Protein chains: 2
Amino acid sequence: MKNKSVVAEATQMCAVDYAFKRIGGKYKARILWYLNMKKVLRYGELTRTLPDITTKMLTQTLRELEDDNLIVRKMYYEVPPKVEYSLTETAHELIPFIAHLHNWGKKQIEKESLTNRIHPDERALAVCQTECD
Amino acid sequence: MKNKSVVAEATQMCAVDYAFKRIGGKYKARILWYLNMKKVLRYGELTRTLPDITTKMLTQTLRELEDDNLIVRKMYYEVPPKVEYSLTETAHELIPFIAHLHNWGKKQIEKESLTNRIHPDERALAVCQTECD
DNA sequence: CTGGATCCGATCTGATACTG
DNA sequence: CAGTATCAGATCGGATCCAG
């Protein structure tokens, strides 16, 4: 049951390293990014927003983000259950970074499309660009 | 011998995800960060700058960064051998974000030191802060 | 609807020994 | 000095089934 929270075992490492450990999971940055755009998302919405994630990974990632104080989990005791996730203030401070990273990534992807004769309109990007932008 | 370069298999993913794949390795951001500070580093210098890395990981990481066009490897055919690593232009565009991440990480670490009664002067941070700042 | 639990292969990381 | 090679351990990620 031990989540691998990074907080509370910090220190002894470079701040850059630390930061990456905290948001460097396979889906963490994306989840933060989406949460920033939509402000609030329910579990099911996240599942649909990240079509490639399994429930296990989503739950696990959300727990780690929560333990690391980057997201807030708000439960409504109803039937059927309802849970909402949103960013913490700490996470908000990270958004500019993720935004820049996103722009940089987009630029690089476009650059590759040109040099590798991959047509940008090949449907590949379409899925996510609509989500990201 | 296949290095796991991210370039050329891009697309089909979110730009944030893509960017993270490219600089998200365990040591990648740190190496870029140090290279930015020192401009040029030799293999041995990198080994000393990242005291916890093994030669295998260092070599592997450097190769991936090189394949992904983030660092330049310059060999001097001398005895003893000499190799210098430096950032590419593309990588330079990334530095502001890493700096941002670095500041965020530092802030969080300090915050933790307060709440978790870990004394900041416990030698833990000393090693790296002198390198990072 | 929002997860938890388990099993298992893939991937990543490290320790150690060796080399031009 | 700047790596390479090999083996093994650790961690990650996914599939599947189950539950309040």
Side-chain angles (χ1 to χ4, degrees), chain A residues 1-6 9 12-14 17 20-31 34-35 40-68 71-86, chain B residues 1-6 9 12-14 17 20-31 34-35 40-68 71-86:
Chain A
M1 215 59 57
K2 251 186 54 188
N3 282 325
K4 189 201 37 183
S5 164
V6 173
E9 64 171 59
Q12 195 124 20
M13 50 182 168
C14 174
D17 198 23
F20 253 89
K21 288 219 169 116
R22 208 150 150 190
I23 62 165
K26 182 166 181 186
Y27 303 98
K28 287 187 180 176
R30 279 167 75 190
I31 290 178
Y34 293 135
L35 274 178
V40 174
L41 283 173
R42 298 184 54 183
Y43 187 90
E45 293 176 313
L46 281 165
T47 302
R48 285 185 291 281
T49 309
L50 296 99
D52 54 332
I53 202 171
T54 61
T55 70
K56 174 193 165 183
M57 287 311 299
L58 179 55
T59 302
Q60 184 180 309
T61 306
L62 289 172
R63 290 291 172 278
E64 289 176 15
L65 288 173
E66 194 190 354
D67 291 345
D68 281 352
I71 64 172
V72 175
R73 180 172 183 271
K74 184 169 182 185
M75 268 196 81
Y76 296 86
Y77 293 90
E78 313 170 349
V79 179
K82 174 178 170 184
V83 182
E84 289 181 346
Y85 295 93
S86 56
Chain B
M1 216 57 59
K2 250 186 53 187
N3 283 324
K4 186 202 37 179
S5 164
V6 174
E9 63 171 60
Q12 195 124 20
M13 50 183 166
C14 174
D17 200 22
F20 252 89
K21 288 219 168 116
R22 206 151 154 193
I23 62 166
K26 180 166 182 185
Y27 303 98
K28 286 186 181 176
R30 277 166 77 191
I31 291 177
Y34 293 135
L35 275 179
V40 174
L41 284 173
R42 298 183 55 182
Y43 188 91
E45 294 176 313
L46 282 166
T47 302
R48 286 185 291 281
T49 309
L50 298 97
D52 54 331
I53 201 171
T54 61
T55 70
K56 177 195 163 183
M57 286 311 297
L58 179 54
T59 302
Q60 184 178 309
T61 306
L62 289 171
R63 292 288 172 280
E64 289 176 14
L65 289 171
E66 195 191 353
D67 291 346
D68 280 352
I71 64 172
V72 175
R73 179 172 183 272
K74 185 169 183 185
M75 267 195 80
Y76 296 87
Y77 293 89
E78 313 171 350
V79 178
K82 175 178 168 183
V83 182
E84 290 180 345
Y85 295 93
S86 56

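Note that the structure is a prediction, hence the values are computed from the model and not measured. All chains are named by letter (A, B, ...) in the order of the sequence lines, taking the proteins before the strands, and each is independently numbered beginning at 1.
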Closest approach to the side chain of A:Y27, judged atom by atom: which nucleotide of D:dG13, D:dT16, D:dG3 is it? D:dG13
Atom NZ of B:K28 and atom C1' of C:dC12 are separated, to the nearest Å, by 12 Å
Among C:dT13, D:dG14, C:dG3, which nucleotide has an atom closest to any side-chain atom of A:T55? C:dG3
B:K28 and B:E64, any side-chain heavy atoms less than 4.5 Å apart: yes
Of the listed nucleotides (C:dT13, C:dA15, C:dC1), which one gets closest to any side-chain atom of A:R42? C:dC1
Would you tell me if any nitrogen or oxygen in the side chain of A:R73 comes within less than 4.0 Å of OP1 or OP2 on C:dT2? no
Taking the side chain as everything from C-beta on, heavy atoms only, tell me whether B:E84 gets closer than 4.5 Å to B:Y76. yes
What's the closest nucleotide to the B:Q60 side chain, out of D:dG3, C:dT13, D:dG13? C:dT13
Could you tell me the separation between the CG atom of A:L58 and the P atom of D:dA15, rounded to a whole number of Å? 14 Å
For B:T54, what residues pass the side-chain hydrogen bond (donor to acceptor under 3.5 Å, both in side chains) criterion, not counting sequence neighbours? none
Between CD1 of B:I53 and P of C:dC12 the distance, given in whole Å, is 15 Å
Listed nucleotide nearest any side-chain atom of A:P81, set C:dC7, D:dG3, C:dT2: C:dT2
Going by distance alone, is a donor N or O of one side chain under 3.5 Å from an acceptor N or O of the other, for A:T55 and A:Y43? no
Using atom CG of B:D17 as one end and atom P of D:dC12 as the other, report the distance to the nearest whole Å. 16 Å
Side-chain heavy atoms of B:I31 within contact of B:L58, under 4.5 Å: yes
What is the distance from OH of A:Y85 to P of C:dC1, rounded to the nearest Å? 14 Å
For a quick test of reading the model: is some side-chain N or O of A:R48 closer than 4.0 Å to OP1 or OP2 of C:dT2? no
Using atom CE of A:M75 as one end and atom C1' of C:dG3 as the other, report the distance to the nearest whole Å. 9 Å
Return the value, rounded to whole Å, for the distance between atom CD of A:E84 and atom P of C:dC1. 15 Å
Would you mind reading off the distance between B:K56 atom NZ and D:dA8 atom P, rounded to a whole angstrom? 13 Å
Nearest-nucleotide check on DNA chain D, A:M57 vs B:K82; residue mapping nearer the 5' end is B:K82
With a 4.0 Å cut-off on heavy atoms, is A:T59 in touch with a base, just the backbone sugar-phosphate, or nothing at all? sugar-phosphate
